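To start, the structure itself, in structure tokens.
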Amino acid sequence: MASPTLLTPTSKLKSLVPIKATKTTTSTATASTTSVPQARRREFLSIAAATLSSPAWLFPLTPAALAASDEEYVKETEEVIQKVKSTISMDKSDPNVATAVAELRETSNSWVAKYRREKNLLARVSFRDMYSAINAVSGHYVSFGPTAPIPAKRKARILEEVETAEKNLLRGR
């Protein structure tokens, strides 16, 4: 047996009765006061709370702060580029391949986690190329293991993306 509140394809929907705000008027000898409806009060308080707790009020961005984050982005991206190049170029018989891949995954995961939320970096060509290269390298090692060699076509594409990311990084893009 179905619940009376359960919606089924054959059940008719009942229209909801709109809730009207009631005004309470109290009269005194000199003045009358009217209370504000509850919905408007909640709306005002939620907007006021959102506005006052916004990080823009607490931490206004200055050009110096943006420049520091840009320099940091360039430095960390160059480090990731060097790790990608060195890890990809390692021979599969090298005993340090597994540790190099683990270090690359840790570095690339922290790079992606840090910069993928930055709206001003998402439009950069260097970010998109680097993200694509990291995604290809990480996907390969996750799928085939840390000691599996990267196929020549994939390796060439990754190196091309890394090179274009590096060039665009130097150009400030």
Side-chain angles (χ1 to χ4, degrees), residues 6-7 9 13 38-173:
L6 181 66
L7 291 178
L13 293 177
Q38 194 68 19
R40 288 187 184 166
R41 185 178 302 146
R42 285 185 187 152
E43 184 179 318
F44 171 76
L45 289 175
S46 65
I47 290 172
T51 303
L52 293 176
S53 65
S54 172
W57 291 98
L58 300 174
F59 305 107
L61 292 177
T62 61
L66 291 174
S69 65
D70 189 51
E71 291 171 4
E72 184 179 9
Y73 166 75
V74 170
K75 185 183 81 140
E76 289 184 7
T77 304
E78 287 174 348
E79 290 174 6
V80 174
I81 287 172
Q82 293 308 317
K83 282 199 185 253
V84 167
K85 285 181 178 179
S86 65
T87 304
I88 286 180
S89 64
M90 292 180 91
D91 190 35
K92 73 174 186 177
S93 61
D94 192 347
N96 298 327
V97 169
T99 57
V101 169
E103 287 176 11
L104 176 64
R105 286 189 66 200
E106 182 179 325
T107 305
S108 62
N109 285 344
S110 65
W111 184 88
V112 168
K114 184 174 186 177
Y115 294 115
R116 76 172 155 209
R117 291 181 300 237
E118 298 289 329
K119 300 284 186 207
N120 59 343
L121 296 178
L122 293 178
R124 283 186 160 195
V125 180
S126 63
F127 176 82
R128 287 182 291 184
D129 287 341
M130 199 62 219
Y131 189 88
S132 177
I134 287 173
N135 194 23
V137 171
S138 296
H140 172 79
Y141 287 128
V142 165
S143 297
F144 302 108
T147 57
I150 296 180
K153 278 178 116 175
R154 185 176 297 152
K155 186 175 184 177
R157 189 190 70 139
I158 291 169
L159 288 174
E160 180 184 341
E161 287 177 343
V162 167
E163 292 297 323
T164 58
E166 193 171 28
K167 286 178 187 175
N168 287 320
L169 197 62
L170 294 174
R171 293 179 187 160
R173 296 185 187 172

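Being a predicted model, the structure only gives us computed values, none of them experimental. Computation of the quantities below employed the complete heavy-atom set of this structure, encompassing side-chain atoms and omitting hydrogens, waters and symmetry-equivalent molecules.
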Between [atom1] of [X] and [atom2] of [Y], what distance do you get to the nearest 0.5 Å?
X: Glu72; Y: Thr77; atom1: CD; atom2: OG1; value: 10.0 Å
X: Thr164; Y: Asp129; atom1: OG1; atom2: CG; value: 3.5 Å
X: Arg171; Y: Arg124; atom1: CZ; atom2: CZ; value: 13.5 Å
X: Ile88; Y: Tyr141; atom1: CD1; atom2: OH; value: 6.0 Å
X: Thr147; Y: Asp94; atom1: OG1; atom2: CG; value: 11.5 Å
X: Thr99; Y: Leu104; atom1: OG1; atom2: CG; value: 11.5 Å

I want to check something: taking the side chain as every heavy atom from C-beta on, are [X] and [Y] in contact at a cut-off of under 4.5 Å?
X: Val101; Y: Met90; result: no
X: Tyr131; Y: Glu161; result: no
X: Thr87; Y: Val137; result: no

Distance-minimising heavy-atom pair for [X] and [Y]:
X: Pro146; Y: Val97; answer: O-CG1, 3.2 Å
X: His140; Y: Ala148; answer: NE2-O, 3.3 Å
X: Val80; Y: Thr107; answer: CG2-CG2, 3.7 Å
X: Ile150; Y: Lys155; answer: CG2-N, 3.6 Å
X: Ser108; Y: Ile134; answer: CB-CG2, 3.5 Å

- prompt: Do the rings of Phe127 and Tyr73 sit parallel, tilted or perpendicular, given the 30° and 60° boundaries?
  reply: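 It falls in the tilted class, 30° to 60°.
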task: May I have the step-by-step check of side chain to side chain contact (heavy atoms under 4.5 Å, CB included) for Leu170 and Glu78, ending in yes or no?
output: CA-CA 10 Å; Leu170 294 174; Glu78 287 174 348; 4.2 Å; yes
- request: Could you walk me through whether Glu79 and Lys83 pass the side chain to side chain contact (heavy atoms under 4.5 Å, CB included) test, one step at a time?
  value: CA-CA 6 Å; Glu79 290 174 6; Lys83 282 199 185 253; 5.8 Å; no
message: Does Glu106 have more than 12 heavy atoms from other residues, nucleotides or ligands lying within 6.0 Å of its CD?
response: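 Counting other residues, nucleotides and ligands, CD of Glu106 stays at 12 neighbours or fewer.
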query: Do Glu76 and Tyr115 pass the side chain to side chain contact (heavy atoms under 4.5 Å, CB included) test, and can you show the C-alpha distance, the side-chain angles, and the key distance before you say yes or no?
result: CA-CA 10 Å; Glu76 289 184 7; Tyr115 294 115; 2.9 Å; yes
